[in-house]
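Not measured: the values here are computed from a predicted model. Chain naming here is simple, since letters A, B, ... match the order of the sequence lines and numbering starts at 1 in each.
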There are 2 protein chains.
Amino acid sequence: MDLRGHLELLVLAALARTGSAHGYALIGAMRDGSDGRFDLPEGTVYPALHRLERLGLVSSGWDESQARRRRVYVLTDAGHTALSAQRAEWRTFAAAVERFAL
Amino acid sequence: MDLRGHLELLVLAALARTGSAHGYALIGAMRDGSDGRFDLPEGTVYPALHRLERLGLVSSGWDESQARRRRVYVLTDAGHTALSAQRAEWRTFAAAVERFAL
DNA sequence: ATCCATACCTAGATGGTCTAGGTATGTGCG
DNA sequence: CGCACATACCTAGACCATCTAGGTATGGAT
């Protein structure tokens with residue numbers, strides 16, 4: 001799919017949209033929320049979530065209340081901050097591309 | 001600077017803007033045309049130009065008319081086509097990010 | 001019973017970008 | 001003149017995000 005560094009923004013935004021969600025649901029949310037454009041393989045998303053957790057931007061816990069166990073993620077405060085920063089960064093980046101390359 | 005896959009679009013667009021230019025001038029054009037936002041190291045741009053030439057999107061020749069020899073690049077027909085395609089791709093990508101993540 | 005969707009995971013390949021060097025020529029300045 | 005600096009080209013290798021390609025296991029439907 002070639003997200004080229006924008007994956008982090010997408011995952012954080014997906015989590016902000018859903019409030020909290022497990023990995024597989026996030027994959028679906030990104031796919032469905034983008035008309036199939038952001039259809040990421042699990043091998044991309046799971047490691048990204050682990051990285052975000054190492055960075056302290058998300059935290060996770062096992063949800064055992066369902067029949068099938070799931071690792072549920074939520075944004076931390078730092079995650080919300082990072083999301084705002086990445087959104088701002090995207091805007092200036094996109095504006096620059098727009099001005100220069102289009 | 002972290003252009004993450006958008007470098008090709010930028011270089012092609014820079015060449016389209018200038019008509020034809022040598023590598024060092026393209027670096028300046030990208031830097032100045034973006035308020036310093038696209039300030040790429042030579043080690044990024046020269047290999048990118050070589051790659052684009054291998055792909056047939058640009059062609060080059062030595063300009064010996066000046067005191068200092070320069071390798072001057074121009075877009076090929078395929079390069080113009082590729083630029084249009086990448087602009088279109090950018091637009092749909094940016095629109096999807098905008099809708100989903102902002 | 002079997003198959004598919006769900007749900008998680010990781011090792012290793014891939015490949016674009018950057019770091020960090022190198023070479024050489026012209027130009028401005030004291 | 002000598003020196004610094006900008007110009008102009010180049011490449012090897014590091015880095016690291018993403019993808020490929022596997023693996024495991026459970027639940028629900030037929």
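The nearest whole Å value for the distance from the CG atom in A:D39 to the P atom in D:dT20 is 11 Å. Summarising the geometry, the separation between CZ on B:R71 and P on D:dC9 is reported as 9 Å, rounded to the nearest angstrom. Look at CG on B:L52: it is 12 Å from C1' on C:dG16, rounded to the nearest Å. Rounded to whole Å, the distance from CD on A:E8 to P on D:dC16 is 14 Å. Between the P atom of C:dC9 and the CH2 atom of A:W62 lies a distance of 5 Å, rounded to the nearest Å. If you measure from atom CG of B:L49 to atom P of C:dG16, you get 14 Å, rounded to the nearest angstrom. B:D63 has its CG atom 17 Å from the P atom of C:dT25, to the nearest Å. Here C:dG26 presents its P atom at 11 Å from CZ of B:R70, a figure rounded to the nearest Å.
Not counting sequence neighbours, the partners of B:S60 by the side-chain hydrogen bond (donor to acceptor under 3.5 Å, both in side chains) test are B:E53, B:R71. Shown here are the side-chain hydrogen bond (donor to acceptor under 3.5 Å, both in side chains) partners of A:E98, two or more places apart in sequence or in another chain: B:W90. Applying the side chain to side chain contact (heavy atoms under 4.5 Å, CB included) test to B:S59 and every residue at least two apart in sequence or in another chain returns B:V74, B:T76. Residues forming a side chain to side chain contact (heavy atoms under 4.5 Å, CB included) with B:R68 (at least two apart in sequence, or on another chain): none. With sequence neighbours left out, the side chain to side chain contact (heavy atoms under 4.5 Å, CB included) criterion links B:D63 to B:S65, B:Q66, B:V72.
Between D:dT18, D:dC9, C:dC9, one nucleotide has an atom nearer to the side chain of A:E42 than all others, and that is C:dC9.
Shown for residues 12-33 of chain B: residues whose heavy atoms fall under 4.0 angstrom of DNA chain D, namely B:H22, B:G23, B:Y24.
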Mind listing the side-chain donor-acceptor pairs of residues 18-33 of chain B below 3.5 Å, one per line with the distance, residues two or more places apart or on another chain?
from	atom 1	to	atom 2	distance (Å)
B:T18	OG1	B:A14	O	3.0
B:T18	OG1	B:L15	O	3.3

Name the atoms and distances for all side-chain donor-acceptor pairs under 3.5 Å in residues 81-89 of chain B, with sequence neighbours left out.
from	atom 1	to	atom 2	distance (Å)
B:T81	OG1	B:D77	O	3.0
B:S84	OG	B:H80	O	3.3
B:Q86	OE1	B:L9	N	3.4
B:Q86	NE2	B:E8	OE2	2.9
B:R87	NE	A:A101	O	2.7
B:R87	NH2	A:A101	O	3.3

When every nucleotide of nucleotides 24-30 of chain D is labelled 5' to 3' by its protein contacts under 4.0 Å (heavy atoms), B for base, S for sugar-phosphate only, - for none, what sequence of letters results? --BS---
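Each of B:R69 and A:P47 lies near DNA chain D, and the nucleotide nearest B:R69 is the one positioned closer to the 5' end.
Using cut-offs of 30° and 60° for the angle between ring planes, the B:H6 and B:F93 rings count as tilted.
The shortest distance between the side-chain N/O atoms of B:H6 and the OP1/OP2 oxygens of C:dG16 is not below 4.0 Å. Side-chain nitrogen and oxygen atoms of A:Y46 include at least one within less than 4.0 Å of the OP1 or OP2 phosphate oxygen of C:dC8. For D:dC16, the OP1/OP2 oxygens have no side-chain nitrogen or oxygen of A:R51 closer than 4.0 Å.
Between the CG atom of B:L49 and the CG atom of B:L7 there is a distance of 8.5 Å, given to the nearest 0.5 Å.
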